[in-house]
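Written below as C-alpha coordinates is the structure these notes are about.
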Amino acid sequence: MKLLRYLAIALFAFTMVACGDDEPKSDFTREFNMIYPQHAAGHKMISKIEKEDAKGTTIVATASYDGDHLKSVKVVTKYGTGGGNEETITFDYTNGAIICDKSIQDVTYTFEVNSLGAITSLKNVSTGRTSAALQYNYGNELELAQISTPSSSDVTKVAWLNGNLMQWESTGVNKKDSVVYEYGTEAPINRGGIDVIGNESFTFTTFVCAIMRNAGLFGATSAYLPTVIKKDYDYTQVDETTQAGSLQLRRYNITYTLDAEGYVTGYTTNETPKYTVKITYK
(Lines give C-alpha, C1' and ligand atoms only; values in the text may rest on other atoms or scores of the structure.)
Protein backbone atom coordinates (compact mmCIF):
# COMPACT_ATOMS: atom_id res chain seq x y z
CA MET A 1 0.00 0.00 0.00
CA LYS A 2 2.85 2.37 0.84
CA LEU A 3 4.45 1.67 -2.52
CA LEU A 4 1.21 2.47 -4.33
CA ARG A 5 0.86 5.66 -2.29
CA TYR A 6 4.40 6.79 -3.19
CA LEU A 7 3.81 5.97 -6.85
CA ALA A 8 0.61 8.02 -6.82
CA ILE A 9 2.40 10.98 -5.20
CA ALA A 10 5.23 10.76 -7.72
CA LEU A 11 2.79 10.60 -10.64
CA PHE A 12 0.89 13.60 -9.28
CA ALA A 13 4.11 15.59 -8.87
CA PHE A 14 5.15 14.75 -12.44
CA THR A 15 1.76 15.84 -13.75
CA MET A 16 1.97 19.13 -11.87
CA VAL A 17 5.41 19.85 -13.33
CA ALA A 18 4.20 19.06 -16.86
CA CYS A 19 1.10 21.25 -16.54
CA GLY A 20 3.10 24.05 -14.98
CA ASP A 21 5.51 24.21 -17.89
CA ASP A 22 4.18 27.24 -19.79
CA GLU A 23 6.84 27.16 -22.51
CA PRO A 24 4.93 27.05 -25.82
CA LYS A 25 5.43 23.92 -27.88
CA SER A 26 5.45 23.58 -31.66
CA ASP A 27 6.50 20.76 -33.99
CA PHE A 28 6.67 23.14 -36.96
CA THR A 29 9.93 22.91 -38.93
CA ARG A 30 11.24 24.35 -42.17
CA GLU A 31 14.48 25.53 -43.77
CA PHE A 32 15.17 29.09 -42.68
CA ASN A 33 18.21 31.35 -42.57
CA MET A 34 17.82 33.99 -39.87
CA ILE A 35 19.50 37.37 -40.28
CA TYR A 36 19.79 38.94 -36.86
CA PRO A 37 19.31 42.71 -36.38
CA GLN A 38 22.41 44.75 -35.56
CA HIS A 39 22.26 47.50 -32.95
CA ALA A 40 24.04 50.83 -32.60
CA ALA A 41 26.54 51.40 -29.82
CA GLY A 42 24.80 52.11 -26.52
CA HIS A 43 21.69 50.11 -27.37
CA LYS A 44 20.17 48.22 -24.43
CA MET A 45 17.80 45.25 -24.51
CA ILE A 46 14.61 45.58 -22.46
CA SER A 47 14.04 42.89 -19.85
CA LYS A 48 10.77 44.19 -18.39
CA ILE A 49 8.03 46.76 -19.03
CA GLU A 50 5.54 47.48 -16.25
CA LYS A 51 2.40 49.60 -16.59
CA GLU A 52 -0.10 50.58 -13.92
CA ASP A 53 -3.05 52.93 -14.36
CA ALA A 54 -5.22 54.86 -11.94
CA LYS A 55 -7.93 52.18 -12.11
CA GLY A 56 -5.58 49.53 -10.72
CA THR A 57 -4.96 47.62 -13.95
CA THR A 58 -1.40 46.33 -14.28
CA ILE A 59 0.48 44.92 -17.27
CA VAL A 60 3.88 43.29 -16.86
CA ALA A 61 5.84 42.17 -19.93
CA THR A 62 8.98 40.16 -19.19
CA ALA A 63 11.53 39.32 -21.88
CA SER A 64 14.16 36.58 -21.91
CA TYR A 65 17.15 36.32 -24.22
CA ASP A 66 19.52 33.79 -25.72
CA GLY A 67 22.65 35.92 -25.71
CA ASP A 68 21.63 39.10 -27.54
CA HIS A 69 18.66 37.49 -29.32
CA LEU A 70 15.11 37.86 -28.01
CA LYS A 71 13.91 34.42 -26.93
CA SER A 72 10.47 35.00 -25.41
CA VAL A 73 8.06 37.59 -24.02
CA LYS A 74 5.54 36.82 -21.30
CA VAL A 75 2.76 39.33 -20.64
CA VAL A 76 0.58 39.16 -17.54
CA THR A 77 -2.43 41.50 -17.29
CA LYS A 78 -4.43 41.98 -14.11
CA TYR A 79 -7.50 44.19 -14.17
CA GLY A 80 -8.35 46.49 -11.30
CA THR A 81 -11.90 45.15 -11.34
CA GLY A 82 -10.64 41.55 -11.06
CA GLY A 83 -9.54 38.86 -13.45
CA GLY A 84 -6.88 39.04 -16.13
CA ASN A 85 -5.03 37.06 -18.75
CA GLU A 86 -1.55 36.12 -19.84
CA GLU A 87 0.32 35.17 -22.99
CA THR A 88 3.78 33.87 -23.84
CA ILE A 89 5.41 34.55 -27.19
CA THR A 90 8.45 32.43 -28.12
CA PHE A 91 10.82 33.08 -31.04
CA ASP A 92 12.16 30.10 -32.99
CA TYR A 93 14.92 31.50 -35.21
CA THR A 94 15.98 28.06 -36.47
CA ASN A 95 12.64 27.57 -38.24
CA GLY A 96 11.61 31.21 -38.62
CA ALA A 97 8.54 30.87 -36.43
CA ILE A 98 6.84 32.75 -33.60
CA ILE A 99 4.87 30.54 -31.22
CA CYS A 100 2.06 32.22 -29.31
CA ASP A 101 0.62 30.62 -26.19
CA LYS A 102 -2.48 32.69 -25.44
CA SER A 103 -5.43 32.35 -23.10
CA ILE A 104 -7.85 32.50 -26.02
CA GLN A 105 -6.07 30.47 -28.70
CA ASP A 106 -2.57 29.20 -29.46
CA VAL A 107 -1.16 30.43 -32.78
CA THR A 108 2.08 29.81 -34.66
CA TYR A 109 3.31 32.29 -37.28
CA THR A 110 6.10 31.94 -39.79
CA PHE A 111 8.08 35.08 -40.51
CA GLU A 112 10.45 36.41 -43.16
CA VAL A 113 13.10 39.10 -42.66
CA ASN A 114 14.89 41.64 -44.82
CA SER A 115 18.67 42.02 -45.14
CA LEU A 116 18.76 43.94 -41.82
CA GLY A 117 16.78 41.39 -39.82
CA ALA A 118 13.44 43.24 -39.76
CA ILE A 119 10.29 41.14 -40.16
CA THR A 120 8.64 41.64 -43.55
CA SER A 121 5.77 39.15 -43.25
CA LEU A 122 3.87 37.01 -40.77
CA LYS A 123 1.83 34.01 -41.90
CA ASN A 124 -0.55 31.96 -39.77
CA VAL A 125 0.65 28.34 -40.02
CA SER A 126 -2.74 26.73 -39.39
CA THR A 127 -4.70 28.82 -41.91
CA GLY A 128 -1.96 29.66 -44.39
CA ARG A 129 -3.16 33.29 -44.36
CA THR A 130 -0.74 36.22 -44.40
CA SER A 131 -1.43 38.16 -41.20
CA ALA A 132 0.99 41.02 -41.79
CA ALA A 133 3.04 42.40 -44.67
CA LEU A 134 5.57 45.10 -43.70
CA GLN A 135 7.58 47.46 -45.91
CA TYR A 136 10.66 49.49 -44.89
CA ASN A 137 12.63 52.35 -46.44
CA TYR A 138 16.39 52.40 -47.02
CA GLY A 139 16.94 53.41 -43.40
CA ASN A 140 15.08 50.26 -42.28
CA GLU A 141 12.25 52.46 -40.99
CA LEU A 142 8.80 50.90 -41.21
CA GLU A 143 6.71 52.81 -43.75
CA LEU A 144 3.74 50.56 -44.58
CA ALA A 145 1.97 47.69 -42.85
CA GLN A 146 -0.94 45.67 -44.17
CA ILE A 147 -2.62 43.74 -41.38
CA SER A 148 -5.23 41.06 -42.17
CA THR A 149 -7.60 39.01 -40.05
CA PRO A 150 -10.47 36.75 -41.16
CA SER A 151 -12.86 39.69 -40.69
CA SER A 152 -10.83 42.79 -41.58
CA SER A 153 -7.92 44.26 -43.48
CA ASP A 154 -6.17 47.44 -42.31
CA VAL A 155 -3.40 49.55 -43.81
CA THR A 156 -1.04 51.61 -41.65
CA LYS A 157 1.15 54.30 -43.18
CA VAL A 158 4.09 55.64 -41.17
CA ALA A 159 5.92 58.96 -41.66
CA TRP A 160 9.52 59.67 -40.57
CA LEU A 161 11.65 62.82 -40.57
CA ASN A 162 15.40 62.90 -39.87
CA GLY A 163 15.24 59.54 -38.15
CA ASN A 164 12.27 60.46 -35.95
CA LEU A 165 8.84 58.85 -36.06
CA MET A 166 6.39 61.66 -36.85
CA GLN A 167 3.02 60.02 -37.52
CA TRP A 168 1.20 56.81 -38.24
CA GLU A 169 -2.29 56.50 -39.69
CA SER A 170 -4.31 53.30 -39.86
CA THR A 171 -7.38 52.88 -42.05
CA GLY A 172 -9.75 50.02 -42.69
CA VAL A 173 -13.43 49.17 -42.97
CA ASN A 174 -15.23 51.52 -40.56
CA LYS A 175 -11.89 52.36 -38.97
CA LYS A 176 -9.62 55.37 -38.90
CA ASP A 177 -6.93 55.91 -36.32
CA SER A 178 -4.00 58.27 -36.23
CA VAL A 179 -1.21 59.37 -33.89
CA VAL A 180 1.07 62.40 -34.39
CA TYR A 181 4.28 63.09 -32.47
CA GLU A 182 6.04 66.34 -31.64
CA TYR A 183 9.66 66.72 -30.54
CA GLY A 184 10.41 69.72 -28.34
CA THR A 185 13.76 71.12 -27.31
CA GLU A 186 13.75 68.77 -24.30
CA ALA A 187 13.21 65.63 -26.39
CA PRO A 188 15.63 62.97 -25.05
CA ILE A 189 17.94 60.98 -27.30
CA ASN A 190 16.63 57.43 -27.64
CA ARG A 191 19.82 55.87 -26.25
CA GLY A 192 18.29 52.51 -25.40
CA GLY A 193 16.37 52.11 -28.66
CA ILE A 194 12.95 51.88 -27.01
CA ASP A 195 9.62 52.12 -28.80
CA VAL A 196 7.78 55.44 -28.83
CA ILE A 197 4.62 55.80 -26.78
CA GLY A 198 1.39 54.85 -28.52
CA ASN A 199 3.03 53.22 -31.53
CA GLU A 200 0.77 51.00 -33.62
CA SER A 201 0.86 47.31 -32.66
CA PHE A 202 0.77 44.60 -35.33
CA THR A 203 -0.58 41.08 -34.80
CA PHE A 204 0.79 41.04 -31.24
CA THR A 205 -0.15 43.11 -28.18
CA THR A 206 1.35 46.54 -27.47
CA PHE A 207 4.20 45.59 -25.13
CA VAL A 208 5.13 42.49 -27.15
CA CYS A 209 5.54 44.79 -30.16
CA ALA A 210 7.47 47.31 -28.03
CA ILE A 211 9.99 44.66 -27.00
CA MET A 212 10.20 43.32 -30.57
CA ARG A 213 10.95 46.84 -31.83
CA ASN A 214 13.61 47.25 -29.16
CA ALA A 215 15.11 43.95 -30.40
CA GLY A 216 15.16 45.30 -33.99
CA LEU A 217 12.57 42.87 -35.33
CA PHE A 218 10.33 45.69 -36.60
CA GLY A 219 13.15 47.83 -37.98
CA ALA A 220 14.63 51.08 -36.71
CA THR A 221 13.41 52.95 -33.66
CA SER A 222 13.04 56.71 -33.43
CA ALA A 223 16.33 58.61 -32.96
CA TYR A 224 14.73 60.88 -30.35
CA LEU A 225 11.71 60.39 -28.11
CA PRO A 226 8.69 62.67 -28.56
CA THR A 227 7.58 65.13 -25.89
CA VAL A 228 3.99 65.31 -27.17
CA ILE A 229 1.62 62.66 -28.47
CA LYS A 230 -1.53 63.70 -30.35
CA LYS A 231 -4.23 61.02 -30.48
CA ASP A 232 -7.96 60.39 -29.88
CA TYR A 233 -10.13 62.53 -32.13
CA ASP A 234 -11.89 65.35 -30.25
CA TYR A 235 -15.49 65.16 -31.46
CA THR A 236 -16.50 68.14 -29.32
CA GLN A 237 -14.91 70.37 -31.96
CA VAL A 238 -17.56 69.40 -34.54
CA ASP A 239 -21.15 70.66 -34.39
CA GLU A 240 -23.43 67.60 -34.62
CA THR A 241 -26.15 69.53 -36.43
CA THR A 242 -24.22 71.60 -38.96
CA GLN A 243 -21.08 69.41 -39.08
CA ALA A 244 -19.12 72.65 -38.89
CA GLY A 245 -15.57 72.43 -37.59
CA SER A 246 -13.01 69.71 -38.06
CA LEU A 247 -11.83 66.71 -36.13
CA GLN A 248 -8.71 67.43 -34.11
CA LEU A 249 -6.45 65.06 -32.24
CA ARG A 250 -6.16 65.55 -28.50
CA ARG A 251 -2.77 66.70 -27.29
CA TYR A 252 -0.95 64.99 -24.39
CA ASN A 253 2.43 65.86 -22.89
CA ILE A 254 4.94 63.09 -22.21
CA THR A 255 7.22 63.12 -19.18
CA TYR A 256 10.26 60.82 -19.04
CA THR A 257 12.39 59.56 -16.17
CA LEU A 258 16.05 59.11 -17.08
CA ASP A 259 18.90 57.40 -15.26
CA ALA A 260 22.33 58.98 -14.78
CA GLU A 261 23.43 57.85 -18.27
CA GLY A 262 20.37 59.25 -20.04
CA TYR A 263 18.48 55.98 -20.57
CA VAL A 264 14.71 56.13 -20.13
CA THR A 265 13.57 54.17 -17.08
CA GLY A 266 9.94 55.32 -17.14
CA TYR A 267 7.38 57.67 -18.60
CA THR A 268 3.87 58.99 -18.13
CA THR A 269 1.42 61.28 -19.91
CA ASN A 270 -1.45 63.49 -18.81
CA GLU A 271 -4.00 61.16 -20.41
CA THR A 272 -7.03 59.93 -18.47
CA PRO A 273 -6.88 57.55 -16.70
CA LYS A 274 -3.38 58.48 -15.63
CA TYR A 275 -0.78 55.75 -15.88
CA THR A 276 2.92 55.16 -15.35
CA VAL A 277 5.29 52.88 -17.25
CA LYS A 278 8.59 51.53 -15.91
CA ILE A 279 11.36 50.08 -18.09
CA THR A 280 14.09 47.71 -16.93
CA TYR A 281 17.03 46.80 -19.15
CA LYS A 282 18.88 43.51 -19.51
Side-chain angles (χ1 to χ4, degrees), residues 22 37 39-40 42-66 68-91 102-103 164-165 179 181-184 186-202 204-218 220-232 250-282:
D22 59 1
H39 303 291
H43 180 275
K44 286 188 177 183
M45 295 293 194
I46 291 175
S47 62
K48 183 183 290 185
I49 303 177
E50 303 169 85
K51 178 180 179 180
E52 182 174 4
D53 67 23
K55 294 184 178 181
T57 295
T58 61
I59 304 174
V60 179
T62 306
S64 65
Y65 295 84
D66 181 4
D68 290 331
H69 308 316
L70 181 62
K71 180 181 178 181
S72 67
V73 182
K74 182 174 182 178
V75 182
V76 178
T77 302
K78 295 181 180 179
Y79 300 107
T81 54
N85 57 64
E86 65 178 60
E87 60 178 329
T88 301
I89 312 298
T90 300
F91 299 86
K102 301 183 178 183
S103 300
N164 293 320
L165 177 61
V179 167
Y181 299 99
E182 294 180 4
Y183 297 80
E186 300 299 320
I189 298 174
N190 191 7
R191 298 185 188 280
I194 67 173
D195 195 17
V196 299
I197 298 171
N199 206 351
E200 176 76 310
S201 56
F202 306 118
F204 310 105
T205 54
T206 299
F207 285 158
V208 171
C209 285
I211 292 175
M212 290 176 67
R213 284 192 173 97
N214 171 254
L217 294 173
F218 282 144
T221 53
S222 186
Y224 282 78
L225 293 169
T227 53
V228 171
I229 179 172
K230 296 167 69 176
K231 55 184 287 190
D232 306 329
R250 298 179 188 273
R251 179 187 179 93
Y252 304 103
N253 296 321
I254 306 171
T255 303
Y256 297 95
T257 302
L258 308 178
D259 66 12
E261 297 178 285
Y263 290 90
V264 174
T265 58
Y267 60 80
T268 187
T269 73
N270 57 344
E271 299 177 56
T272 302
K274 186 178 177 62
Y275 66 87
T276 58
V277 173
K278 298 179 181 180
I279 299 174
T280 304
Y281 299 96
K282 176 175 175 286

Criterion side chain to side chain contact (heavy atoms under 4.5 Å, CB included) on Lys48 and Val60, from CA distance to verdict
CA-CA 7 Å; Lys48 183 183 290 185; Val60 179; 4.2 Å; yes

If you apply the rule side chain to side chain donor-acceptor pair (under 3.5 Å), what do you find for Ser222 with Tyr183, and how did you get there?
CA-CA 11 Å; Ser222 186; Tyr183 297 80; 3.1 Å; yes

Please test Ile279 against Thr265 for side chain to side chain contact (heavy atoms under 4.5 Å, CB included), starting from the C-alpha separation and ending with a verdict.
CA-CA 5 Å; Ile279 299 174; Thr265 58; 5.6 Å; no

Evaluate Ser47 against Thr280 for side chain to side chain donor-acceptor pair (under 3.5 Å), listing each step before the verdict.
CA-CA 6 Å; Ser47 62; Thr280 304; 5.1 Å; no

Could you go step by step and tell me if Ile254 and Thr227 meet the side chain to side chain contact (heavy atoms under 4.5 Å, CB included) rule?
CA-CA 5 Å; Ile254 306 171; Thr227 53; 5.5 Å; no

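In this structure, Asp259 places its CG atom where more than 12 heavy-atom neighbours from other residues, nucleotides or ligands lie under 6.0 Å away. Residue-environment remark: NZ (Lys44) exceeds the threshold of 12 foreign heavy atoms within 6.0 Å. Counting non-hydrogen atoms of neighbouring residues, nucleotides and ligands closer than 6.0 angstrom, the OH atom of Tyr252 exceeds 12 such neighbours.
Note that CG of Leu70 is 5.0 Å distant from OH of Tyr65, once rounded to the nearest 0.5 Å. Annotation: the span from Glu52 atom CD to Ile59 atom CD1 amounts to 11.0 Å, rounded to 0.5 Å. A distance of 8.5 Å separates CE of Met212 from CD1 of Ile89, quoted to the nearest 0.5 Å. A distance of 9.5 Å separates NZ of Lys51 from OG1 of Thr276, quoted to the nearest 0.5 Å. Here the CD atom belonging to Glu86 is positioned 10.5 Å from the OG1 atom belonging to Thr62, to the nearest 0.5 angstrom.
For the pair Asp195 and Phe218, the minimum side-chain heavy-atom distance is 4.5 Å or more. With a 4.5 Å cut-off on side-chain heavy atoms, Glu87 and Thr77 do not count as touching. Side-chain contact check for Ile194 versus Tyr263: every heavy-atom pair is 4.5 Å or farther apart. For the pair Asn253/Val228, a side-chain contact is recorded, criterion being any heavy-atom separation below 4.5 Å from C-beta on. In this structure the side chain of Phe91 never reaches within 4.5 angstrom of the side chain of His69, judged on heavy atoms. Between Pro226 and Ile197 the shortest side-chain heavy-atom distance does not fall below 4.5 Å.
Without hydrogens or angle criteria, Tyr224 side chain to Glu186 main chain gives no donor-acceptor distance under 3.5 Å. Remark: side-chain polar atoms of Asn190 are not paired, donor with acceptor, to backbone N or O of Leu225 under 3.5 angstrom. Side-chain atoms of Thr57 come within 3.5 Å of backbone N or O of Gly80 as a donor-acceptor pair. Under the 3.5 Å distance criterion, the side-chain polar atoms of His39 are left unmatched by any main-chain donor or acceptor of Gly192.
Shown here for Ala61 and Phe207, the closest heavy-atom pair between the two residues is CB-CB, 3.8 Å. When every heavy atom of Val264 is checked against every heavy atom of Tyr281, the shortest pair comes out as O-OH, 2.6 Å. Scanning all heavy atoms of the two residues, the minimum distance from Tyr275 to Thr269 falls at OH-CG2, 3.4 Å. Scanning all heavy atoms of the two residues, the minimum distance from Asn214 to Met45 falls at OD1-CA, 3.4 Å. Nearest heavy-atom pair across Gly198 and Val179 is O-CG2, 4.1 Å. Closest heavy-atom contact between Phe204 and Val208: CB-CG1, 3.6 Å.
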